[in-house]
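Owing to the predicted nature of the structure, the values given are computational and were not obtained by experimental measurement. Counting starts at 1 for both ligands and their atoms, in listed order.
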Amino acid sequence: MIWNETMECMSRDDMRKLQGNRLVESVKRVYNNCEPYRKRMQEKGLSPSDIRSLDDIVKLPFTSKKDLRDYYPFGLMSAPISEIVRVHASSGTTGKPIVAGYTRKDLEIWGEVGARCFTAYGIRKQDVVQVSYGYGLFTGGLGAHSAVETLGGTVVPMSSGNTEKQIMLMHDLGAVGLACTPSYALYLADALADSPYPREEFKLKIGAFGAEPWTEGMRKELEEKLGIKAYDIYGLTEIIGPGVGHECEFQNGTHLCEDHFYPEIVNPETGEPVAPGEMGELVFSTITKEGMPLLRFRTRDLTSLHYEKCECGRTSVRMGRILGRCDDMLIIRGVNVFPSQVESVICELPQLEPHYLLVVDRINNLDTLEVHVEVNEAFYSDEVNKMLEIRKDVVHRLQSVLGILPDVKLVEPRSIERSQGKAKRVVDKRKLQ
Ligand code: ADP
Ligand code: ZN
């Protein structure tokens, strides 16, 4: 089923026209209502009349996370505070968080795109959905919440934490859907297996997982452990929150709600657009938002865009899996390493559990990478030789994927700290020196 067939299945030509018209209006809105945008455009000698269609978008300056910090908290809003009905904020790694403001119409759009996501996963009005993303400033909880409510399903606003109660309510209320981060889903999967309830007594069949990068291998793990279909949901606070994109039943790329959020991929170093299908940094322009519309916002997320029509009937552009954020990229002895590459290797091996930590250090001026990974209970053994054999295999596979030789530490099952929100996979000791 498709929630909004008109928008999700529109011809590519019509979509471009619609996006162009909406972009023109958005440019006028920010120019007239938001001083930093007006100044930037003027500096480039641009006025709104220079932006007549989508092709003109490349003339516009980029917006970055730094801009949001510089104009903290409300400097990039294009609506007066009297029209802002809610704010959210993203954690922000250093210093001040990034604040986003929503008008009533923005919240409606958020509900609408969210309903598209959960409809695509197969959630219907009669289904109970447990939302185990954190509620609060983080967009995950309230975003998934309004998605399910807009669709007409029954929301259990569980938030994260209190794992035993999560399992009890999932069982008692018969949740069909679960929305949380993939790492928390993994934690819940173990808790479910340890619980007094047999799996047959749960109705769970659909997972809506996102807010952090995850791999195909992790999908397989989650689908097997939970006995469900696991779908991607993508979003970011600056653009709206979860619901910017979603997978469909074919699990073959994340459909973007591009009638609201226009995507581009650029070379992260030069800012130049790349060819369709090529990997680069994802950039969004919101084309319907009122509170905090952003033009050409650099997400720092690395991915690619694919424009072929999907088997599900949707014509909307599909985004490939996110390799990671530019900021997550580790440079180890000059080689680029993403935690997701390590995850893909770990998930290939049945002897390992997908719980891992990368520890980076600099010893005698040389970068070192330690990969700590849990061994599966069934394979964990006191026999040194058996462990060495597994280790050798992991080192070999990691070396061929990463191009550097990591030090692998096999650790006991359940010894790596579990996450109830976004997992922390990297400890970079070089930054502490
Ligand atoms: P923060 O920047 O504090 O983490 P957000 O909650 O706004 O705040 O995080 C949005 C970011 O989370 C995205 O830019 C992306 O890096 C990551 N993210 C969200 N959904 C996904 C997903 N489905 N796959 C990969 N990464 C995701
Ligand atoms: Zn599809």
**Q.** Heavy-atom nearest option to atom 4 (O) of ligand 1, drawn from Arg325, Arg321, Lys65
**A.** Arg325

Q) At the 4.0 Å heavy-atom cut-off, does Lys422 count as touching ligand 1? A) yes

Can you check whether [X] reaches [Y] side chain to side chain, under 4.5 Å on heavy atoms?
X	Y	value
Leu188	Leu192	no
Asp361	Glu370	no
Tyr262	Leu23	no

Using a 4.0 Å cutoff against the non-hydrogen atoms of [X], which atoms of ligand 1 qualify?
X	result
Gly235	10 (C), 13 (C), 19 (C), 20 (N)
Gly210	23 (N)
Phe138	6 (O)
Ile233	20 (N), 22 (C), 23 (N)
Ile322	25 (C)

Q. What angle sits at the Zn ion (ligand 2) between NE2 of His255 and SG of Cys312, to 10°?
A.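 Approximately 100° at the metal, rounded to tens of degrees.
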
Q.
Using a 6.0 Å cut-off, check whether atom NZ of Lys205 has over 12 heavy atoms from anything other than its own residue.
A.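 Counting neighbours around NZ of Lys205, 12 or fewer heavy atoms of other residues, nucleotides or ligands fall under 6.0 Å, so no.
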
Q) So which bit of Leu236 gets within less than 4.0 Å of ligand 1, heavy atoms only: side chain, backbone, both or neither? A) both

**Q.** Part of Thr237 within contact of ligand 1 (heavy atoms, under 4.0 Å)
**A.**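 Thr237 to ligand 1: contacts from backbone and side chain alike.
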
Q: Please determine if Lys39 forms a cation-pi arrangement with Tyr31, meaning its NZ or CZ atom is less than 6.0 Å from the six-membered ring centre and no more than 45° off the ring axis.
A: no

